[in-house]
There are 2 protein chains.
Amino acid sequence: MTPNTDNADKYRVKSLDHALDVVEALAHGGREGLAVTEVATTVGMSKSSAYSILQTLLRRGFVASQGTGPTRRYRLGLSFAYLGDQVTSQTGLREIAMPYLEELTRVAGLTSRLAIFDEGYAVAIGRIDGPGTIRIAPFLGRRELPHATAIGKAMLATLDDEEVRAIIGAIGLPARGPNTIVDIDTLLHDLHRTAERGYAIDDEEDTAGVVCIGASVLDRTGTCVGAISVTALKHEMRADSAAEIGALVRRYAGTITTELGGR
Amino acid sequence: MTPNTDNADKYRVKSLDHALDVVEALAHGGREGLAVTEVATTVGMSKSSAYSILQTLLRRGFVASQGTGPTRRYRLGLSFAYLGDQVTSQTGLREIAMPYLEELTRVAGLTSRLAIFDEGYAVAIGRIDGPGTIRIAPFLGRRELPHATAIGKAMLATLDDEEVRAIIGAIGLPARGPNTIVDIDTLLHDLHRTAERGYAIDDEEDTAGVVCIGASVLDRTGTCVGAISVTALKHEMRADSAAEIGALVRRYAGTITTELGGR
DNA sequence: AACCCCGTTTGGTGATACCGAACAAGACCT
DNA sequence: AGGTCTTGTTCGGTATCACCAAACGGGGTT
């Protein structure tokens, strides 16, 4: 019996793949970390294998451990903080946009975010938390659905219909919140309105009770390189203030675009 | 001939170690990325090995590639942005401190940073860039010398002399800038003044032309959990304004400490 | 004091990570 | 345009090593 050598297994380094499983397990392990046995069971490998991987990562600073002996726990190390900072800086967009994002958060009084396009998905690479006590989805680097977020729709609105259809064809239109757009024609209509208006609105399309308003950022060639958005709780955002906030977000996106040499 | 099985090689997963070499090479590869051959030569392995590692990392989102064929280049992927955000959030300190750091940057008009202690070194986990056009050492997650930075000295000043001697014994007092303190007794004297004053001053001790002022943050048990600092160019900071800025930094550090239940 | 459960260590073996060499295809120069 | 060089990609063989199972030893709890 030839073991099913899937084509997907070509050029796959198995032990590295396992180590990445360990890393992702630790990422979800939270602040207090995971014990060796916990790591081994969650990723489905033997204790001793997990131990070797952890020791290797530990020596390189990719994981940190607290305690020793029977109470030892492992969590992700600060090397990831360094590498993550390198990645989000590498686009160059962040350095330019963040000061404006801070100003936007201060003026609007709302949490604002900066995202880029990554294979059809929206990925946040910067964020400024607002004064509100409630912190909403503060994740950087995680793929978010383009059709269900203001930041994603703002970017989609800069593309023509065919490109949008290609992206949605690959990703689909999965429902996320109460008002998620699940029909391609409705989405295209929404994107046309977004383009006219200059900003996108996510009205509980991703998360119940949360509304976002976003606008796209272009480079000197006129292509979209990212988008910014502000996030608010539904009851904080009345219908009339949506237009006000929208104009604000559109203006800051335009300023960043100008800095990049666009428009 | 038994190959020298160094004790350091115990519990070392060689292929994972090689993969980490690749990751670090890509981190220094900058925005434009590295080609397969470049990766192989910089880490000292064969082209095909590097290729397999890159493909494995690629499939998991840990590296991204642009182009294909003879012009293909690899750089770190957005998974690191996600994991780095997880790490810097995990301390819990950042969520509380960042809003105050933003306010400090706005009031002082200077870049400010938040750092924690990591095995004797100071490691920044948050940063707010000031309005100045010059961006100084914006790295997060990188180990910085405790005796040559305001943020490090602020944290050292909360320890007693014996603990400081232990840390410096392990790290040493390497010179970094024109005024780096290279003598343990001078350092201890500086730390005593820092403790009295409530803030630490780095006057071109790490980088020529750059001055920093920092203050420590304590938790409810009174132990130091981190520090904040502001950074300025030497010619921006006159002697009289140093005391003014120092009082400001000390006040914000105190506010964060209070939020944590300290003092 | 006996038990249990954890992290750590060890040894053996089957899988596999690594390398060298070959292939294909753009880029560059003449 | 043609030739050549370099690059990314593919392939096969072998010595290496990643993986597991089982044993060890020490805290904490009963």
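Heavy-atom basis, side chains included; hydrogens, waters and symmetry copies ignored. Each chain gets a letter, A, B and so on, in the order its sequence line appears, and its residues count up from 1.
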Item to check | Pair A:S15-B:S15, side-chain donor/acceptor within less than 3.5 Å | outcome: yes
Checklist entry - Rounded to the nearest Å, what distance is computed from the NZ atom of residue A:K10 to the C1' atom of nucleotide D:dG8? => result 14 Å
Is there a side-chain polar atom (N or O) of [X] under 4.0 Å from OP1 or OP2 of [N]?
X	N	value
A:R72	C:dT8	yes
A:Y51	C:dT9	yes
B:Y11	C:dT9	yes

Checklist outcome for this item: Which of B:I168, B:V164, B:I181 passes side-chain contact (heavy atoms from CB on, under 4.5 Å) with B:L188? It is B:V164
Checklist entry - For A:Y74, which of A:L26, A:L34, A:V22 qualifies under side-chain contact (heavy atoms from CB on, under 4.5 Å)? => result A:L26
Checklist entry - Relative to the ring of A:F62, is the ring of A:F80 parallel (under 30°), tilted (30 to 60°) or perpendicular (over 60°)? => result perpendicular
Checklist entry - Do the rings of B:Y51 and A:Y11 sit parallel, tilted or perpendicular, given the 30° and 60° boundaries? => result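 Answer is perpendicular, since the angle exceeds 60°.
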Interface polar pairs with nucleotides 17-20 of chain D, N/O, under 3.5 angstrom:
residue : atom : partner : partner atom : Å
D:dC17  : OP1  : B:K14   : NZ           : 2.4
D:dA18  : OP1  : B:K14   : N            : 3.4
D:dA18  : OP1  : B:S15   : N            : 3.4
D:dA18  : OP2  : B:R12   : O            : 3.3
D:dA18  : OP2  : B:K14   : N            : 3.0
D:dC19  : OP1  : A:H18   : ND1          : 2.8
D:dC20  : OP2  : A:S46   : N            : 2.9
D:dC20  : OP2  : A:S46   : OG           : 2.9
D:dC20  : OP2  : A:S49   : OG           : 2.7

Distance in Å, [X] [atom1] paired with [Y] [atom2], rounded so as to fall on 0.5 Å steps:
X	Y	atom1	atom2	value
A:L191	A:D160	CG	CG	11.5 Å
A:I256	A:I228	CD1	CD1	4.5 Å
A:E24	B:L83	CD	CG	7.0 Å

Checklist entry - Of the residues in residues 30-38 of chain B, which ones touch DNA chain D at a heavy-atom distance under 4.0 Å? => result B:A35, B:V36, B:T37
